[in-house]
Number of protein chains: 2
Amino acid sequence: MINSQYVDLLRKANYKITPQRLRVLDYLEGHPGHFKAEDVYNHVKANEPSITLATVYNIFRAMIRSGILDSFEINGTTWFESNTQPHANLYCEKCHKFEDFELPANVLPDRLSAEYGIHVRTASVLLKGTCRACTGDSHN
Amino acid sequence: MINSQYVDLLRKANYKITPQRLRVLDYLEGHPGHFKAEDVYNHVKANEPSITLATVYNIFRAMIRSGILDSFEINGTTWFESNTQPHANLYCEKCHKFEDFELPANVLPDRLSAEYGIHVRTASVLLKGTCRACTGDSHN
DNA sequence: GTGTTTGCAAAGAATTTGCAACGAA
DNA sequence: TTCGTTGCAAATTCTTTGCAAACAC
């Protein structure tokens with residue numbers, strides 16, 4: 001099964017494998033991009049009607065601690081993503097979608113740690129502006 | 001007066017110069033680092049007792065639009081800073097203070113815009129980890 | 001004078017908490 | 001069996017809003 005890597009990560013971090021957590025992993029499989037708690041809540045509710053938003057938040061915390069998810073905040077809401085590799089997130093202020101961009105090697109956490117004599121646990125690069133599609137768009 | 005540059009920026013953006021806004025500028029002058037709305041509120045209250053938190057938020061919005069302040073979010077609260085030059089903010093998870101770091105030229109907004117064919121209006125690099133002081137600290 | 005800003009109280013949005021019942025290991 | 005997890009409701013925290021009075025220009 002395609003999610004077994006994530007299941008392993010949960011197990012390694014001493015989390016139990018519950019049906020709710022498996023349904024969230026299903027969501028990740030089908031949605032490689034960026035999502036809010038409510039997006040996942042709405043999706044999981046279809047198969048697991050008793051689940052609550054609080055449980056989704058709870059599960060996200062476990063998954064972040066397991067190394068499955070990363071998160072960042074925009075305008076008071078937290079966005080999650082399963083791309084845990086260092087990268088830049090561009091939030092398009094026109095179409096309100098995200099686009100990922102590679103980061104130059106010299107801003108990767110390890111490089112920053114080494115260069116500055118600090119310990120960088122997480123690094124998030126958040127760009128706000130206009131995405132490729134909307135920039136190329138003539139009618140704006 | 002040392003704040004005249006900020007006053008000019010407010011004027012250029014068509015904002016009026018009110019006593020409350022001047023008191024917030026006073027705060028900036030004495031606090032070059034990172035602060036929350038409540039920090040400024042508590043400080044300004046001393047000279048302007050009728051000010052409210054809502055007004056501070058209101059003033060911050062005007063100052064962001066004037067190019068005086070930048071902001072970013074951590075754990076559900078918004079932090080503000082008057083350093084509007086591109087840089088990385090390290091949030092130390094041990095001492096809960098911030099430390100600023102220069103960014104390599106290839107992650108400056110203009111470079112990213114050019115390289116990726118997008119328009120980058122703001123770029124925020126947020127590092128979480130352990131600051132220089134706490135990393136060098138033996139007892140942890 | 002005119003339109004902006006302030007102060008106040010109340011609303012809003014997102015996330016967390018407490019706790020009893022449930023369930024994975 | 002045991003302790004972590006879920007579901008539910010309520011609470012919290014941060015930020016915004018509506019509106020009348022005050023004020024900058």
Side-chain angles (χ1 to χ4, degrees), chain A residues 3-4 6-25 27 34-66 68-80 91 96, chain B residues 3-4 6-25 27 34-42 44-66 68-80 96:
Chain A
N3 278 328
S4 61
Y6 289 152
V7 171
D8 287 348
L9 286 171
L10 283 172
R11 286 218 173 89
K12 266 178 211 148
N14 289 312
Y15 288 111
K16 295 182 174 173
I17 310 305
T18 67
Q20 292 84 347
R21 285 174 178 166
L22 288 172
R23 296 293 77 73
V24 172
L25 292 184
Y27 180 94
H34 309 75
F35 46 85
K36 296 176 288 186
E38 229 188 306
D39 299 329
V40 174
Y41 169 63
N42 289 328
H43 179 270
V44 170
K45 230 184 351 185
N47 297 302
E48 202 78 36
S50 65
I51 200 170
T52 62
L53 247 190
T55 296
V56 173
Y57 279 109
N58 173 341
I59 291 175
F60 281 173
R61 191 181 321 139
M63 291 187 172
I64 286 176
R65 290 184 177 160
S66 304
I68 295 171
L69 298 180
D70 272 349
S71 70
F72 56 92
E73 300 166 55
I74 297 185
N75 296 334
T77 77
T78 306
W79 289 85
F80 300 86
Y91 177 69
H96 305 285
Chain B
N3 279 326
S4 62
Y6 289 151
V7 171
D8 287 348
L9 285 171
L10 283 172
R11 286 217 173 89
K12 264 178 213 149
N14 290 311
Y15 289 111
K16 296 185 172 171
I17 310 305
T18 68
Q20 292 85 345
R21 285 174 178 167
L22 288 172
R23 295 293 79 69
V24 172
L25 292 184
Y27 181 94
H34 310 75
F35 45 85
K36 295 176 289 186
E38 230 189 305
D39 299 329
V40 175
Y41 169 63
N42 289 328
V44 171
K45 230 183 354 184
N47 297 304
E48 202 78 36
S50 66
I51 200 172
T52 62
L53 245 191
T55 296
V56 173
Y57 278 109
N58 174 341
I59 290 175
F60 281 173
R61 190 179 322 136
M63 291 189 172
I64 286 176
R65 290 182 177 160
S66 304
I68 295 171
L69 297 180
D70 271 349
S71 70
F72 57 91
E73 300 166 55
I74 297 185
N75 296 334
T77 79
T78 306
W79 289 85
F80 300 86
H96 305 286

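Using bins of under 30°, 30° to 60° and over 60° for the plane-to-plane angle, the ring pair A:H43/A:Y27 lands in the perpendicular bin. In this structure, A:Y91 and A:H96 have tilted ring planes: the angle between them lies in the 30° to 60° band.
Here CG of B:L53 is found 8.0 Å from CG of B:N42. Values are rounded to the nearest 0.5 Å. Atom OG of A:S71 and atom CZ of A:F35 lie 10.0 Å apart (nearest 0.5 Å).
Using a 4.0 Å cut-off, some side-chain N or O of B:T78 falls inside it from OP1 or OP2 of D:dT15. In this model, the phosphate group of C:dA24 is not approached by any side-chain N or O of A:R21 to a distance below 4.0 Å at OP1 or OP2. An OP1 or OP2 oxygen of C:dT15 is reached within less than 4.0 angstrom by no side-chain nitrogen or oxygen of A:R61. For A:T18, no side-chain nitrogen or oxygen approaches OP1 or OP2 of D:dG4 to under 4.0 Å. For the pair A:N58 and D:dT6, the criterion of a side-chain N or O lying under 4.0 Å from OP1 or OP2 is met. Between A:Q20 and C:dG23, a side-chain N or O to OP1/OP2 separation shorter than 4.0 Å is absent.
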Apply side chain to side chain contact (heavy atoms under 4.5 Å, CB included) to residues A:T78 and A:Y57 and explain how you reach the verdict. CA-CA 10 Å; A:T78 306; A:Y57 279 109; 5.7 Å; no

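Positionally, the nearest nucleotide of DNA chain C for B:K16 lies more toward the 5' end than for the other of B:K16 and B:A54.
Spacing between atom CD1 of B:I64 and atom P of D:dT15 amounts to 11 Å, rounded to whole angstrom units. One can place CZ of B:R65 at 14 Å from C1' of C:dT5, the figure rounded to the nearest angstrom. Taking atom OH of residue B:Y41 and atom C1' of nucleotide C:dC8, one finds them 11 Å apart after rounding to whole Å. Rounded to an integer number of Å, the gap from A:L10 CG to D:dG4 P is 16 Å. In this structure, CG of B:N14 is placed 12 Å from C1' of C:dG3, rounded to the nearest angstrom. The CD1-C1' distance, from A:I59 to C:dA24, rounds to 14 Å in whole Å. With rounding to whole Å, A:N75 atom CG is found 9 Å from D:dT16 atom P. The OH-C1' distance, from A:Y15 to D:dT5, rounds to 11 Å in whole Å.
Of the listed nucleotides (D:dA9, D:dG4, D:dA24), D:dA24 has the atom at the smallest distance from the side chain of B:P19.
A:A37 comes within contact range of no nucleotide atom at all, as no heavy-atom separation falls under 4.0 Å. A:S50 comes within contact range of the sugar-phosphate backbone alone, with a heavy-atom separation under 4.0 Å but no base atom that close.
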